[in-house]
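By convention in this document, chain letters (A, B, ...) are assigned in the order of the sequence lines, proteins followed by strands, and residues within each chain are numbered from 1.
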2 protein chains.
Amino acid sequence: MISLSYAEENYLKGIYHLSDGGKKNVSTNDLSHEMKTKPASVSDMLRKLSEKKVIDYRKYYGVNITEEGTKQALQIIRKHRLWEVFLVEKLHFSWDEVHEVAEELEHVKSPILIQRLDEFLGHPKYDPHGDPIPDEFGDVKARPRMPLHELKNNDTGQIVAVKDSSAAFLRYLDKVGAYIGARIKVLDKVDFDGSLEILVDNKKTIFMSKDVAANILILQ
Amino acid sequence: MISLSYAEENYLKGIYHLSDGGKKNVSTNDLSHEMKTKPASVSDMLRKLSEKKVIDYRKYYGVNITEEGTKQALQIIRKHRLWEVFLVEKLHFSWDEVHEVAEELEHVKSPILIQRLDEFLGHPKYDPHGDPIPDEFGDVKARPRMPLHELKNNDTGQIVAVKDSSAAFLRYLDKVGAYIGARIKVLDKVDFDGSLEILVDNKKTIFMSKDVAANILILQ
DNA sequence: AAAATTAATTAGGCTAAACTAAATAATTTG
DNA sequence: CAAATTATTTAGTTTAGCCTAATTAATTTT
Ligand SMILES: [Mn+2]
Ligand SMILES: [Mn+2]
Ligand SMILES: [Mn+2]
Ligand SMILES: [Mn+2]
């Protein structure tokens, strides 16, 4: 297996995410935005990743991640999410504090480390944000999930993940009392702006904007 | 607190160790050997570390670590050793497998991470090789310890640390049955080559060369 | 105390990963 | 469909961290 640098790993992960798991073609500009670098830097990196055969790159036409690239991206994501679980379950981090740290830990190179960590955590299937953890072969157990803002009046379901893992968003969810695993029901949907009134665990009613709801993923 | 790069952290740690915790002056050549880089690269790095005030550097006369440098070195060592404890106690690594991985983990930047890890581990005082773990203020509980080859006939004591943490040495100790915490007694010391016959835990007799004994540290 | 040896530094290069500015390709618009 | 706009790449710099070769400083030897 070809070895990638810290920066290359981050780019590959960015490409994997923007391509929606390999389905879509990714543009230089979008990637530069994702990576917080300039398009010129992205062009440089794409050439290198292409030489390492983890992406297919046609100048001016964007990139597609290869089979090998997908495999590697999934292993980085596996590490990231396992570390997130560790931080929350064992070190009592809150779910809005883990992303940054996992962003570093995911690059530690030691296959045995990640295997043992997985065992130690009891082979978790999902990370603290509800995202599935790929297994050692890169297999992902995907659950069908739908953004909350697409639900109709009286629809019910369970919060299983968040689309946005930023600290600001997660802390907002903490404040209003939304969490992974919560059972919800749409009490009212305002036509004018798409904002929602939600019943949580048959107890608490919370109001949220369409933008917030769009970042909450529901299993029906 | 000035922020150091990954490479700078490793150099500073190297300087700290070679200087015996700040007591000795360190030469460019010795450091280049320690870091497995060329003396020219060391000169470059010393200039940079000097600008960051973590070392006192007089050209051609070697370096001394500053107060600030010592503080930072101790925090890196703290992280290194806490991670080693984690790997052994929680992930069931053997003591000869942890050093390399800790060498990477020690650079993860997150004060809260290391504080929580310390709590999770129950504030351990020593790492798997018997080395003391500095506390968050850089205070180290040093035990008086003596290399085994300096003991006399019939002297007794307890193995509390190893000087060499290489996998080869540690696996050799595993094989002969020497471990941290073992009670030992010197049964015989051969004048000719300094090799030793040792009684371990009043049960097992083991023979070892002077070189091996010199890397085993005893609390009397 | 000069000569020889050893240690350390400087000079000049290389690569990775970023950048800005300029050039060029692709796409959209009148 | 030519012109304008937007996206992307290329060219040329920068910085960190390494290298080799050449130079210079310090130390040891005769
Ligand atoms: Mn990362
Ligand atoms: Mn996550
Ligand atoms: Mn290290
Ligand atoms: Mn250790």
Between CG of A/Asn25 and C1' of C/dA26 the distance, given in whole Å, is 14 Å

Original post:
C/dA8 phosphate, OP1 or OP2: any side-chain N/O from B/Lys38 under 4.0 angstrom?
Top reply: no

What does A/Tyr57 touch in the nucleic acid at a heavy-atom separation under 4.0 angstrom: a base, only the sugar-phosphate, or nothing? sugar-phosphate

Can any side-chain N or O of A/Glu119 pair as donor or acceptor with the backbone N or O of A/Arg116 at less than 3.5 Å? no

Rounded to whole Å, the CG-P distance (A/Asp44 to C/dA21) equals 17 Å

Taken to the nearest whole Å, NZ/A/Lys48 to C1'/D/dT9 is 16 Å

*Looking only at side-chain N and O atoms, does B/Ser43 come under 4.0 Å of OP1 or OP2 in C/dT9?*
yes

Assign B/Thr37 to base, sugar-phosphate, or nothing according to its heavy-atom contacts below 4.0 angstrom with the strands shown.
sugar-phosphate

Whether B/Lys59 contacts C/dA7 is assessed here as follows: a side-chain N or O lying under 4.0 Å from the phosphate OP1 or OP2. Is that the case?
no

Once you apply a heavy-atom cut-off of 4.0 Å, does A/Ala7 come out as touching a base, just sugar-phosphate, or nothing?
sugar-phosphate

Between CZ of B/Arg58 and P of C/dT9 the distance, given in whole Å, is 11 Å

Of A/Arg78, A/Lys79, A/Lys13, A/Arg81, the one forming a salt bridge (charged side-chain N to carboxylate O under 4.0 Å, His left out) with A/Glu106 is A/Lys13

Aromatic centroids of A/Phe86 and B/Phe86 separated by under 6.0 Å
yes

Quiz item: So does B/Lys71 pair up with B/Glu67, basic N to acidic O under 4.0 Å?
Solution: no

A/Ser27 side-chain N/O to D/dA7 phosphate OP1/OP2 under 4.0 Å:
no

**Asked** Reckon B/Thr28 has a side-chain N or O less than 4.0 Å from the OP1 or OP2 of C/dT9?
**Response** yes

Atom CE of B/Met45 and atom C1' of C/dT10 are separated, to the nearest Å, by 17 Å

Side-chain (A/Thr66) to main-chain (A/Val54) donor-acceptor, under 3.5 angstrom: yes

Answer yes or no: does a side-chain N or O of B/Tyr11 lie under 4.0 Å from OP1 or OP2 of D/dA16?
no

| said: Just N and O in the side chain of B/Tyr60: are any of them under 4.0 Å from OP1 or OP2 of C/dT9? | reply: no

Does C/dT6 have its OP1 or OP2 closer than 4.0 Å to a side-chain nitrogen or oxygen of B/Asn29? no

When A/Ala40 and B/Val42 are each assigned the nearest nucleotide of DNA chain C, the 5'-most assignment goes to B/Val42

>> I'd like to know if A/Lys52 pairs up with A/Glu8 as an ion pair, taking the criterion as any Lys NZ or Arg NE/NH1/NH2 lying under 4.0 Å from an Asp or Glu carboxylate oxygen.
In response: yes

Here the distance between atom C1' of C/dA8 and atom CG of B/Asp30, to the nearest Å, is 12 Å

Categorize A/Tyr6 for me: base, sugar-phosphate, or nothing, with a 4.0 angstrom heavy-atom threshold over every strand shown. nothing

Separation of D/dT9 atom C1' from A/Tyr61 atom OH, nearest Å, is 14 Å

Of the listed C/dT9, C/dC19, D/dC18, the closest approach to the B/Pro39 side chain comes from C/dT9

Rounded to whole Å, the CG-P distance (B/Leu46 to D/dC18) equals 12 Å

